[in-house]
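Hydrogens, waters and symmetry mates play no part in the numbers below; they use all other heavy atoms, side chains included. Chain A is the first sequence line, chain B the second, and so forth, proteins listed ahead of strands; every chain is numbered from 1.
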Amino acid sequence: MPTISQLLEEKTAQAIAAVTGAAAPALVQPTANPQFGDYQANGVMAAAKARKMNPRTLAQQILAQLDPTTIPATWDIAGPGFINFRLDPVWLGRTIAAIAADERLGIDSVSQAETIVVDFSAPNIAKPMHVGHIRSTIIGDALSRVLRFLGHRVITDNHVGDWGTQFGMMIVGYRTLLNREAFADDPLAEMERIYKAVQAQGKADPAVAAQAREELAKLQKGDPENTALWHEFMAVSRQAFDRVYARLHVGFDHWLGESFYNPMLPGVVQTLQTKGLARLSEGAICVFYEDDPELNGTPFIVQKQDGAFLYATTDLATIQYRVDTFHADRIIYVVDSRQQLHFKQLFAAARRWGYAPQLEHVGFGTILGEDGRPIKTREGEPIKLAALLDEAEERARAIARDKNPSLSEDELAAIAHVVGIGAVKYADLMQNRLADYRFSWDKMLALEGNTAPYLQYVYARIRSIFRRGELEDWQPTLGMDVYLRAPEELDLAKQMIRFGDALLEVERTNKPNILAGYLYDLATKFNLFYQAHSVLKAEEEARSTRLLLCHLTARYIHKGLELLGIETLEAM
RNA sequence: GCCCCCGUAGCUCAGGCGGAUAGAGCAUCAGAUUCCUAAUCUGAGGGCCGUGCGUUCGAAUCGCGCCGGGGGCACCA
């Protein structure tokens, strides 16, 4: 079924068109204030202005066109020409009962399913994942889950950095500095050590830097020894990445890293030149955008003076592959906002080339420490993701132990994992991704406010109601009667039926914080309801309705958090 | 120099393709538990929405200028 706001929008827009003879949006949205009802249409005033009519008069004529048998609400005119709708409580009760019988919680699949490639995470091989990768990973995973739930064909692709300049240094380091015991013990840590050491040497000694470039060149020409080393680095890194992704419950359909596109790069540059899109300039081959005022003056280099290709080239090959092979209608790049110019250039080049799926750069800001500076360790190094997740779990465990000393170690471990990881993810997802975000353990793990533990607690508390009532297997009966009488019951039900609108808004804007905000509002409305009304001890007629409200709230929170990549607990 | 993002309550942030009295959490103060997890809830105070001009019946939201913070701009990714 369409969402109620979609229905009101459609019916009101039809009425506007019937009266004015011209299509105009009704601009239906939830009311700013409950005194105005549940939904308001703002479009009448704009339509009146366009026709130089009195808005209230026009509103009267529009109302006359609305058919009460097709709209489950009452309505009136208010203010300068708003139409206010009040939902029919009986209809609301029936709708809630119908949703209870629906696996998808009343959410339609999109009518036009698209093939959407979501490109996110993309750590560099031979380097540990650090905080810089967390936003892309978490946001990309959440968007993928939402789009998939809405019915799109989603392809997640981890475009790992497996062909960069770091390999020259890694090979030099492996040959000159490797501690074999350390490597056998913790290969990634030893790789990191030698990488940093060679990097430092290279800065001080040009000969080392030259050696690294030479080894890289040999690798890129297919030298067997260097290639074998490269495979070893890959395998070691992949294991470390997989451990982190397992903790985060993030998976990918493909791991098509930069190296995968390597054989295609000469052809990309060749084609761009043949089509007259790229030309030689100062020894490099570049795409220019003289006819584009925004990009004019920012050449897009696809081949360096020395003949090497760049990430611009790889990214173009990647678009080609995703269109030709996956038949992508849409590609979403979840990458730091600082790369905005690169993506503008990339998308412009792809369009000129003739590859024109919908291309979207979903950017995000920097993670700042509590001091407002980009987050770093005391030593000024990036914080490793694994260490960050360890700390999240430790802190969550300590809080859980403090709140509930009777928990067993196994229970504590489960809570530490679900709450700790959930808190880290949710803290990122609840913010507008465009802004920089200030990382705060205390805030993300707080039980008050818009946090994962708050939502997880509401879920656990609801599950506890059913346990306490020995109703673990309780299920709503098909077509059961639902009596929504108390204002808190009505408010909760009205919030539930906005879930679909929230998901569509996430799809439209690529902003998971809209879903997070929805869930927080839902949890708050549940708490208001639960505070005001007993459930298990209620009289029978109210009891089954309230059990249904509890049951559905839990399902919405479970599903909503799942779409954000966050787990729930039966007890905490 | 050019371009992009940000500026909303003491603090951290929502809202932003114009709509009615600008919201939440923290912090502060005052309350609620014979009762289903008080890890909860209720109430109060707290705002020239950086600033000026403009568009509009209507601007936190759109446009232009300015101020402040961050970022990007030819061979790294």
Side-chain angles (χ1 to χ4, degrees), chain A residues 25 27 29 31-33 35-36 40-46 48-49 55 78-82 84 122 124 161 163-166 258 281-286 293-306 308-312 314-315 335-342 344-345 363 365-366 368 370 372 374 399-400 402-404 419 430-432 434-438 440 442-443 445-451 453-454 456-458 460-469 508-509 513-514 516-517 520-521 523-524 527-528 530-538 546 550 571-572:
Chain A
L27 302 175
Q29 58 183 237
T31 52
N33 186 317
Q35 78 181 81
F36 302 126
Q40 61 185 56
N42 299 332
V44 175
M45 290 171 284
K49 186 163 80 173
F82 296 100
N84 293 334
N124 287 318
W163 201 245
T165 49
Q166 72 264 36
E258 292 169 354
S281 167
E282 298 177 27
I285 298 172
C286 313
E294 194 180 357
L295 294 177
N296 189 20
T298 58
F300 193 53
I301 302 174
V302 294
Q303 188 168 13
K304 303 202 296 188
Q305 281 185 358
D306 65 6
F309 303 106
L310 298 98
Y311 79 137
T314 313
D315 281 355
V335 180
D336 194 309
S337 291
R338 283 177 291 198
Q339 293 198 35
Q340 186 184 209
L341 176 61
H342 168 73
K344 280 187 177 169
Q345 294 175 317
T366 306
L368 307 178
E370 311 244 11
I399 292 169
D402 185 50
K403 297 288 184 193
N404 194 348
V419 173
M430 59 80 76
Q431 294 231 34
N432 183 339
L434 265 355
D436 288 347
Y437 121 68
R438 197 173 289 227
S440 164
D442 290 342
K443 279 192 181 128
L445 286 162
L447 294 314
E448 304 86 33
N450 193 0
T451 66
Y454 177 85
Q456 289 166 326
Y457 175 63
V458 169
R461 209 179 181 195
I462 293 172
R463 301 303 305 154
S464 147
I465 296 167
F466 287 88
R467 276 197 302 279
R468 180 61 64 99
R508 189 180 72 80
T509 60
N513 67 304
I514 290 162
Y520 179 61
D521 287 344
T524 301
N527 277 329
L528 285 167
Y530 189 59
Q531 171 81 9
H533 305 286
S534 52
V535 176
L536 294 175
K537 291 166 190 160
R546 289 179 190 166
C550 290
M572 60 186 276

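Here B/U55 sits opposite no nucleotide as a Watson-Crick or G-U wobble pair (both hydrogen-bonding atom distances under 3.5 Å). Across the strands present, B/A44 finds its partner in B/U28; the criterion is a Watson-Crick or G-U wobble pair with both atom distances under 3.5 angstrom. Pairing of B/A38, defined by two Watson-Crick or G-U wobble distances under 3.5 Å, is not identified with any nucleotide. Shown here, B/A20 forms no base pair; nothing in the strands shown gives a Watson-Crick or G-U wobble contact with both key distances under 3.5 Å. Within the shown strands, nothing qualifies as a pairing partner of B/A74 under the Watson-Crick or G-U definition with both distances less than 3.5 Å.
At a threshold of 4.0 angstrom between heavy atoms, the contacts of A/Met430 with the nucleic acid are absent. Across all strands, A/Glu258 comes closer than 4.0 Å only to sugar-phosphate atoms, never to a base (heavy-atom distances). Looking at heavy-atom distances under 4.0 Å, A/Ala571 makes contact with a base. When heavy atoms are screened at a 4.0 angstrom cut-off, A/Asn527 is found touching the sugar-phosphate backbone but no base atom. Using a 4.0 Å heavy-atom distance criterion, A/Ala446 is classed as making no nucleic acid contact.
Taking atom CG on A/Asp436 and atom P on B/G70, their separation rounds to 11 Å, with Å as the unit.
At least one side-chain nitrogen or oxygen of A/Arg438 sits closer than 4.0 Å to the OP1 or OP2 atom of B/U12. In this model, the phosphate group of B/G15 is approached by a side-chain N or O of A/Asn513 to a distance below 4.0 Å at OP1 or OP2. For the OP1/OP2 pair of B/C41 and a distance below 4.0 Å, the side-chain nitrogens and oxygens of A/Tyr454 include at least one atom meeting the criterion. Taking side-chain N and O atoms only, A/Gln431 has a distance below 4.0 Å to OP1 or OP2 of B/A14. Taking side-chain N and O atoms only, A/Asn432 has a distance below 4.0 Å to OP1 or OP2 of B/G15. Contact annotation: A/Asn33 side-chain N/O to B/A20 OP1/OP2 distance is not under 4.0 Å.
At a cut-off of 3.5 angstrom, counting only N and O atoms as typed in the model, there is a donor on one side and an acceptor on the other between the side-chain of A/Ser281 and the base of B/A74. Remark: the A/Asn84 side chain and the B/A20 base include a donor-acceptor N/O pair separated by less than 3.5 Å.
The A/Thr165 side chain lies nearest to B/C76 when the options are B/U40, B/A74, B/C76. The side chain of A/Asn404 lies closest to B/A39, out of B/A20, B/A39, B/C36. Of the candidate nucleotides B/G25, B/A20, B/C36, B/C36 has the atom lying nearest to any side-chain atom of A/Ser464. When each of B/C36, B/A39, B/G19 is scored by its nearest atom to the side-chain atoms of A/Tyr530, the top-ranked nucleotide is B/C36.
Between the side chain of A/Arg546 and the backbone N or O of A/Ser534, at least one donor-acceptor pair lies under 3.5 Å. When atom types are taken as modelled, the side chain of A/Thr451 and the backbone of A/Leu447 share no donor-acceptor pair closer than 3.5 angstrom.
Nearest heavy-atom pair across A/Asn124 and A/Gly161 is OD1-CA, 3.4 Å.
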